[in-house]
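Below is one structure; the comments refer to it alone.
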Amino acid sequence: MIDSIRPNEWKRFIWAAVACFIIYAAVDVWPMIASIASGELNTKVIEKSAAENRAAAFAEKQTGLKVKSAKAVHQTDKMLNGYLSKNKLVKIYAEKYDPSFPTDTFQVDLKFAGGGSGFVYVHMQSEKIVAWNLLIDGEPLPDAVKTEAVISFLSAQSFSGLDFRGSTLLPNGDWHGEPPSATIMKAQLKIDVHALNMDGRTVITKYKPAFAAPDDYIRYVKKQDTIAGFLTGFGYFFMSIVLFVLAIIYAVLYRRFTSFKFGIILTVVFLITYIIMNLNMLDGIRAQLGENEMAGQAAMITAIVTVLLTIPMAGSIYISLIAGDGLWKAQGRALWPRFGQKGYGDHVWRSVGLAYLFAIILFALQSVIFIGLRLTIGTWDTTDATQSPYNMGVLWLMPVLAWAAAISEEAVFRFFGIGLFRRWFKNTFAAALLPTFFWALGHVMYPFYPSSTRLIELMIIGLVFSFIFVRYGFITSMFTHAIFNSAAVGLSLLTIGSAPNIISAIFFTVLPVPIAFAIKYLSRKKEKKPPVTTTPPHLEQL
């Protein structure tokens with residue numbers, strides 16, 4: 001009989017969840033809705049296909065060459081966006097400079113039929129061509145002719161009020177200018193332009209305007225990224241390998257308490273969802289490489305390597321489930337009930353109910369933590385092309401990553417990690433600290449600064465997950481994690497809009513309910529089956 005979750009356990013958390021829902025709605029949801037309604041947050045983004053067609057038509061008109069292929073990805077100026085966010089200049093920049101110098105664009109990679117390539121940047125809302133770099137053959141222009149052509153071109157743009165007389169020619173022949181009147185705080189507009197002679201006519205082959213964050217900000221961010229990279233590499237990846245090795249050892253040592261038949265289904269689910277997730281993020285890899293003619297091939301190689309690495313990762317999760325099960329049972333706790341045990345269906349159903357309440361509480365807690373971090377250490381965030389929803393191959397599949405993370409992280413860091421350290425330290429709270437710390441380090445490279453931001457946030461969130469796991473079991477913590485992640489991703493899909501995205505957001509957020517209901521139904525059906533009895537065969541009298 002499974003009795004780890006009482007029938008009315010949800011009543012202990014219902015009012016806390018209601019209060020947290022109000023807090024989260026007031027702090028995060030309502031401001032977002034107000035921003036969308038006022039137009040401050042513009043979610044009306046053109047289709048990638050429209051950006052590709054617009055860029056191809058522009059390049060053909062500009063060069064006279066035929067475009068044979070066009071591929072759009074979402075490109076973002078992580079450095080400038082962070083600077084604007086830190087100094088609360090996002091709204092001012094959007095109103096004054098975004099129409100001509102957007103920080104977020106569709107970067108369209110072009111290939112020309114006769115050879116050559118290029119990159120054209122399209123405004124994500126207006127479809128305006130805002131920058132380009134066409135890598136094609138042509139004859140160099142004399143400096144005087146080139147300077148005159150460039151200044152004439154710039155004067156014809158929508159920002160013709162700027163003074164370009166202080167421009168200079170760089171050693172490589174490119175024109176480089178910094179209009180003194182174009183600044184936002186300490187960020188200065190820089191414009192790079194290049195012109196060539198193509199068949200007797202002057203062609204502007206490069207036009208790259210961008211506001212550059214000040215050098216001291218750039219140095220600080222790069223230092224923080226270096227620290228975050230080290231913490232992730234050592235604290236997360238290295239310790240994950242160490243935990244994998246320890247899981248193999250303890251799976252063998254405690255094999256009599258468990259079975260190697262357990263965990264196969266969850267491992268397969270992880271394997272499928274993780275592969276889907278990574279193949280769906282290839283455009284983010286292309287965007288991260290910037291103006292690289294081999295970006296497509298690099299993304300494909302990355303995809304192949306990722307798929308191959310998924311196999312040992314799946315092995316780590318499988319063996320962590322086995323080792324964790326053995327460790328906990330050896331310590332007198334059965335935190336992962338199995339199908340077929342009496343009361344299993346009710347346990348799963350109650351787990352889902354609690355998981356939704358816990359997810360609401362965690363959303364509010366996360367919002368309050370971030371408010372506290374902004375007030376104390378000055379936390380700010382920025383953008384990251386690798387995590388952009390616009391760089392998802394199939395956007396409505398984005399919530400799949402929620403399930404991959406929920407299964408893997410709860411199996412390795414909670415189920416096995418806490419079980420292992422509890423065996424060593426003989427104290428549950430102390431046992432939760434180290435695996436929570438390793439887990440938190442895996443998120444410090446997210447675009448939040450200082451790099452300690454997510455470490456502090458996820459140490460708190462992780463300890464709450466640990467409480468849920470230790471008190472209510474592996475199934476409850478896994479469902480809570482999946483719902484928490486699915487709802488967060490689903491919210492971004494709702495802001496983007498379109499029927500497939502809205503349906504996906506709702507589907508993945510409520511998915512635990514039909515799963516739990518089906519398990520409950522099948523479990524009760526199995527329990528109602530009469531026991532199979534056999535009559536011993538009649539023994540022939542000798």
Side-chain angles (χ1 to χ4, degrees), residues 27-28 30-32 34-36 38-43 74-105 124 130 178-190 209-232 284 287-288 290 366-391 440-441 443-461 488 491-492 495:
V27 172
D28 279 351
W30 175 249
M32 182 183 66
S35 297
I36 295 174
S38 66
E40 182 181 344
L41 179 61
N42 192 345
T43 59
H74 173 213
Q75 190 57 269
T76 184
D77 191 336
K78 178 181 178 180
M79 201 66 72
L80 180 61
N81 277 328
Y83 180 74
L84 297 175
S85 174
K86 182 179 188 297
N87 295 286
K88 298 178 175 59
L89 297 169
V90 174
K91 186 176 181 180
I92 295 172
Y93 186 91
E95 293 174 350
K96 188 173 182 180
Y97 292 118
D98 182 78
S100 296
F101 314 111
T103 57
D104 289 85
T105 60
M124 295 177 70
V130 293
E178 296 183 7
S181 56
T183 59
I184 181 163
M185 204 167 175
K186 293 182 179 180
Q188 170 72 52
L189 175 65
K190 300 178 184 292
F211 279 82
D215 291 340
D216 57 344
Y217 175 83
I218 293 174
R219 285 194 299 270
Y220 174 81
V221 169
K222 288 183 176 179
K223 182 179 179 180
Q224 291 292 305
D225 287 344
T226 300
I227 295 171
F230 170 77
L231 292 175
T232 300
Q288 188 179 38
Q366 186 181 55
S367 297
V368 171
I369 292 171
F370 274 118
I371 290 173
L373 291 175
R374 290 189 188 102
L375 294 175
T376 53
I377 64 174
T379 286
W380 74 94
D381 62 338
T382 185
T383 51
D384 187 342
T386 62
Q387 299 173 27
S388 166
Y390 299 107
N391 279 332
L441 288 177
H443 300 76
V444 294
M445 291 194 71
Y446 280 56
F448 289 87
Y449 296 92
S451 57
S452 57
T453 295
R454 294 229 71 187
L455 177 60
I456 298 170
E457 173 227 345
L458 288 177
M459 279 299 297
I460 300 171
I461 297 292
L491 194 61
S492 66
T495 60

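Bear in mind the structure is a predicted one, so any value in this text is a computation, not a measurement.
Here the CD1-CD1 distance, from Ile92 to Ile184, works out to 6.0 Å after rounding to the nearest 0.5 Å. For the atom pair CZ (Arg374) and CD1 (Ile369), the distance works out to 11.5 Å, reported to the nearest 0.5 Å. The CG atom of Leu458 sits 7.5 Å away from the CD atom of Gln366 when rounded to the nearest 0.5 Å. We find the NZ-OG1 distance between Lys86 and Thr382 to be 12.5 Å, quoted to the nearest 0.5 Å.
At least one donor-acceptor pair closer than 3.5 Å links the side chain of Gln75 to the backbone N or O of Ala287. The closest donor-acceptor contact from the side chain of Asp381 to the backbone of Pro447 lies at 3.5 Å or more, if one exists at all. When atom types are taken as modelled, the side chain of Asp384 and the backbone of Thr386 share a donor-acceptor pair closer than 3.5 angstrom. Between the side chain of Gln224 and the main chain of Ser451, a donor-acceptor pair closer than 3.5 Å is present. Under the 3.5 Å distance criterion, the side-chain polar atoms of Thr232 are left unmatched by any main-chain donor or acceptor of Gly229. Checked by atom type and distance alone, the side chain of Ser85 never pairs as donor or acceptor with a backbone atom of Asn81 at under 3.5 Å. Tyr83 contributes no side-chain N or O that, together with a main-chain N or O of Ala212, makes up a donor-acceptor pair within less than 3.5 Å.
Of all heavy-atom pairs spanning Asp28 and Ser367, the tightest one is OD2-OG, 2.7 Å. Minimum heavy-atom separation, Ala187 to Leu80: CB-CD1, 4.2 Å. Counting all heavy atoms, side chain and backbone alike, Tyr217 lies closest to Gly82 at OH-C, 3.0 Å. Across every non-hydrogen atom of Thr103 and Asp98, the tightest pair is N-OD1, 4.3 Å.
Proximity of Met124 to His74: side-chain heavy atoms (C-beta onward) are separated by under 4.5 Å at one or more points. The shortest distance between side-chain heavy atoms of Ser100 and Val130 does not fall below 4.5 Å. Side-chain contact between Thr76 and Ser388 is absent, with no heavy-atom pair separated by less than 4.5 Å. Taking 4.5 Å as the limit, every side-chain heavy atom of Val221 sits out of range of all side-chain heavy atoms of Ile218. Within the 4.5 Å cutoff, side-chain heavy atoms of Ile456 are placed close to those of Leu373. The side-chain heavy atoms of Gln387 and Tyr446, taken from C-beta on, include a pair separated by under 4.5 Å. The shortest side-chain heavy-atom distance between Leu455 and Leu441 falls under the 4.5 Å cut-off. With a 4.5 Å cut-off on side-chain heavy atoms, Phe370 and Val27 do not count as touching.
For the residue pair Asp104/Thr383, the side-chain donor-acceptor check at 3.5 Å is not satisfied. Side chain to side chain, Asp225 and Tyr449 meet the donor-acceptor criterion of an N or O pair below 3.5 Å.
Classified by interplanar angle (parallel below 30°, tilted 30° to 60°, perpendicular above 60°), the ring pair Phe211/Tyr97 is tilted.
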